[in-house]
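Here the structure is laid out as structure tokens; the discussion comes afterwards.
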Protein chains: 2
Amino acid sequence: MVDGVSRRQSTLDEVAEHAGVSRSVASRVLNNAPHVSRAKREAVERAVRQLGYVRNPTARALATRQTGAAALVVAGEDPSIFADPFFAQVIVGASAALEEADLHLMLCLAASERGRKRVEDLFRSQGVDGVMLMALREDDPLVRTAEEARMPVVFGGRPVGPAPRWYVDVDNVGGAREVTEYLISRGRTHVATICGRLDTEAGRARYRGYRDAVLAAGLAPYPPWEADFTEPGGAAAMTGLLANYPEVDGVFAANDNMGAGAVRALREAGRTVPADVAVVGFDDLAVAGVTDPPLTTVHQPIAALGREMARMLVAIVDGQDPTPLILPTRLVTRSSA
Amino acid sequence: MVDGVSRRQSTLDEVAEHAGVSRSVASRVLNNAPHVSRAKREAVERAVRQLGYVRNPTARALATRQTGAAALVVAGEDPSIFADPFFAQVIVGASAALEEADLHLMLCLAASERGRKRVEDLFRSQGVDGVMLMALREDDPLVRTAEEARMPVVFGGRPVGPAPRWYVDVDNVGGAREVTEYLISRGRTHVATICGRLDTEAGRARYRGYRDAVLAAGLAPYPPWEADFTEPGGAAAMTGLLANYPEVDGVFAANDNMGAGAVRALREAGRTVPADVAVVGFDDLAVAGVTDPPLTTVHQPIAALGREMARMLVAIVDGQDPTPLILPTRLVTRSSA
DNA sequence: ATACGGATTGGGAGCGCTCCCACCGGAAGC
DNA sequence: GCTTCCGGTGGGAGCGCTCCCAATCCGTAT
């Protein structure tokens, strides 16, 4: 009976029987393995079509000890960190690369207590073939978990501390230096920074880049004024900066969200951008284009970051040992500085 | 030997042996099933701890025919649709609800040809326990695939055409009507709309809401000026609208991205917002807060949408038959209108 | 003809877990 | 005192697939 939509899912045994071959042969055909005669191969393919057979990935996973899935773990402190459009772009890139290797993407938001627990179990139960790990804070217990894991782990952005074996990062120091130099080249002499969380490596690296540039120009760096990478956080920081250092005429915000917040706070304080205070950001997310004035910022290849993480992971799963990767950034000038 | 980090993953049999019980008893303990004496239960728990045992989810899945995972499928035409921060918020909500049910989240971007194919296989191979399906366009083949699937499917937003059995949507018509009425109440008499893609139900519904409000006020609705829900698309549409209907003094953009684009296009055309042209959006995403002026818009509970989809799915997997849900929207007034 | 090497083939033993079921002993019911 | 019942227990048969290995087949070299 030809019935592509039979009630029950057909099994490999049924396909084999239908094709008049053994299970082994049918399996070889499905896996494109050699040692199958042309005639039997075609018979199996016909049976597969007629039965509407689809291989059961779970059974395959059990037998091969490979799940066919990779996890993207987003750590952080609060699940809402994931609302940052940054991650969406990472996912677009990672998803495309995983698709090429025919791996599925499992997404884990590990910010809650329970979420973290589940990720730990995932690591230990071999529930995926490998993981991509992002948004780690200093002393995040997941770093330890990852080290002990018996599976490949690729870091997206380095964690604070010793660099892991496999990671993909962007050149945070270089990007921050370049955009700060740009600010200075536009005649700004009192350049402060709204830095990101300093318990993240990205926050620290961008502050270092800022500091390098200011010192190299013979100016005095301001102490790090920390915010949480969000728009309201950036606005609040800008207000604080204004109150404490009214002479400031240039601000490097360590990401675009905070840059947008700074622009808003400045406008609300009656200062014009860039005439009174020039503002630059980092990331080149969509928000940088809609502020008024639009933000000069540092473009980082976010989708590429995701793509390269996934490719690196696939390479490791395939038994290779790729070298870490640092992606370049690029200055994007708009009118906020 | 106490060794929580033994080379090989320990199995349930080993736990059972270590605890001096049978595999069955050990299994019952792990599943919190009855018919286990207090003494043996504790022995097993001790063995689990000493061996650092973690249950193999793949084997469990094979035996129970339940994978412990749910998929979120984002259709659309182009994978970059996922870059819209809208989805990130859905995921935050869905992830939290799935976490409560101890299900993992599999994310599938089904915009590419290959991606769609993989989703179809996922449906047919029972690779997940259920799926949440979003961003369907008219005549999307995935609708058919979903109907034929032998697993629960919850739609996020209704597809064009007959309503599916299970879905969660927001009140697009009501929200669009309300914000358009607001525009009119502010004295606007030439109110146009930059509508979203009309091959999506959300695009159509929002246009209907706009049209209802305009007609109810005794004004003449403008024909739908279609754009693709993106910022540049909105800007281009605004420019076109301005060229064709210079008398327009109010615009309902069917989402905030397009609203932000409209505001930018208006500024670049030398018109002031809201004095010359008032603009309102839909979604209440972060972008609505950073445009200048910030956008009056329709708040929709996006994380709740994700959460309710996930809860509905869990309910179905548990054998229930929940009723579809339509979430309310809320007008958020800022200064763009 | 006869033997030999390689390509094919099918049987069977898992992968690690769940769950049905038969079995045990003691408390309750008669 | 003897059934009846039930909590507790362990054995065993799968779940659907992969993969090792022994068996078979063929063409060809001897």
Side-chain angles (χ1 to χ4, degrees), chain A residues 6 8-44 47-48 51-69 102 121-122 124-129 150, chain B residues 6-45 47-48 51-69 102 121-122 124-129 150:
Chain A
S6 64
R8 213 176 45 73
Q9 190 69 278
S10 45
T11 70
L12 187 56
D13 281 285
E14 288 164 9
V15 170
E17 188 184 352
H18 196 92
V21 302
S22 74
R23 195 170 5 102
S24 304
V25 170
S27 174
R28 276 183 219 116
V29 172
L30 255 71
N31 293 316
N32 246 317
H35 303 306
V36 179
S37 67
R38 184 183 189 76
K40 302 223 164 183
R41 165 158 278 133
E42 283 168 359
V44 170
V48 164
L51 263 36
Y53 172 75
V54 184
R55 177 161 55 193
N56 180 320
T58 306
R60 180 184 168 82
L62 182 59
T64 60
R65 297 152 166 286
Q66 300 227 71
T67 62
D102 211 34
D121 279 357
L122 194 65
R124 307 196 323 179
S125 69
Q126 309 288 313
V128 289
D129 293 342
R150 287 187 298 275
Chain B
S6 64
R7 162 131 4 97
R8 211 176 48 72
Q9 189 69 278
S10 45
T11 69
L12 188 56
D13 282 286
E14 288 164 10
V15 170
E17 188 183 353
H18 195 91
V21 304
S22 74
R23 194 170 5 100
S24 302
V25 169
S27 175
R28 274 183 222 118
V29 172
L30 256 72
N31 292 315
N32 246 316
H35 304 306
V36 180
S37 67
R38 184 185 188 77
K40 302 223 163 184
R41 163 157 277 132
E42 282 168 0
V44 171
E45 284 166 352
V48 164
L51 262 35
Y53 172 76
V54 184
R55 176 161 55 192
N56 180 319
T58 305
R60 180 183 167 83
L62 183 58
T64 60
R65 299 151 165 287
Q66 301 229 71
T67 62
D102 211 33
D121 278 357
L122 193 67
R124 306 197 324 178
S125 69
Q126 309 287 314
V128 290
D129 294 341
R150 286 188 299 277

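Protein chains get the first letters and strands the later ones, always in sequence-line order, with residue 1 at the start of each.
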Exercise. Using a distance-only test with no angle check, is there a side-chain donor-acceptor pair under 3.5 angstrom linking B:Arg65 and A:Asn56?
Worked result: no
For this session: Let me know, please, whether A:Arg23 or B:Thr64 comes out on the 5' side of the other along DNA chain D by nearest nucleotide.
Result: B:Thr64
Exercise. So, does B:Thr67 use its side chain to make a donor-acceptor pair with the main chain of B:Asp129 at under 3.5 Å?
Worked result: yes
Exercise. Any side-chain heavy-atom pair from A:Asn31 and A:Arg55 closer than 4.5 angstrom?
Worked result: yes
Problem set entry | Polar pair under 3.5 Å, donor/acceptor by atom type, side chain B:Thr58, base C:dG16 | no
Exercise. With no angle test and no hydrogens, is the base of C:dG10 tied to the side chain of A:Arg28 by a donor-acceptor pair under 3.5 Å?
Worked result: yes
Seminar exercise, completed: Out of D:dG10, D:dC17, C:dT9, minimum distance to the side chain of A:Ala63 belongs to D:dC17
For this session: Answer yes or no: does a side-chain N or O of A:Asn56 lie under 4.0 Å from OP1 or OP2 of D:dC15?
Result: no
Exercise. Side-chain N or O of A:Ser22 less than 4.0 angstrom from OP1 or OP2 on C:dG10?
Worked result: yes
For this session: Whole angstrom is fine here: how far is it from CG in B:Asp13 over to C1' in C:dC17?
Result: 9 Å
For this session: Check the distance between D:dG16's P and B:Arg124's CZ and give it to me in whole angstrom.
Result: 17 Å
Seminar exercise, completed: Atom CG of A:Leu12 and atom P of D:dG14 are separated, to the nearest Å, by 18 Å
For this session: Could you tell me the separation between the OH atom of A:Tyr53 and the C1' atom of D:dG16, rounded to a whole number of Å?
Result: 7 Å
For this session: Compare side-chain N and O positions of B:Ser27 against OP1 and OP2 of C:dT18 and report whether any pair is under 4.0 Å apart.
Result: yes
Exercise. Counting only side-chain N and O atoms of B:Arg65, is one of them less than 4.0 Å from OP1 or OP2 of D:dG16?
Worked result: yes
Problem set entry | Pairwise 5' ranking along DNA chain C for B:Leu62 and A:Val25, keeping only the more 5' one | A:Val25
Exercise. Can you tell me how far C1' of D:dC25 sits from CZ of A:Arg38, to the nearest Å?
Worked result: 20 Å
Problem set entry | Euclidean distance, atom CG of residue A:Asn31 to atom P of C:dT8 [Å, nearest integer] | 17 Å
Exercise. Could you state the interatomic distance from CD (B:Gln9) to CD (B:Glu14), rounded to the nearest 0.5 Å?
Worked result: 9.5 Å
Problem set entry | Rounded distance in Å - NE2 (B:His18) to P (C:dG16) | 18 Å
Problem set entry | Heavy-atom side-chain contact between B:Glu45 and B:Val29 under 4.5 Å | yes
Problem set entry | side-chain N/O A:Arg60 vs D:dT18 OP1/OP2, d < 4.0 Å | yes
Exercise. When the nearest nucleotide of DNA chain D is assigned to A:Ser24 and to B:His35 on a heavy-atom basis, which residue is associated with the more 5' position?
Worked result: B:His35
Exercise. When the distance from CD of A:Gln66 to P of D:dC17 is rounded to whole Å, what number comes out?
Worked result: 17 Å
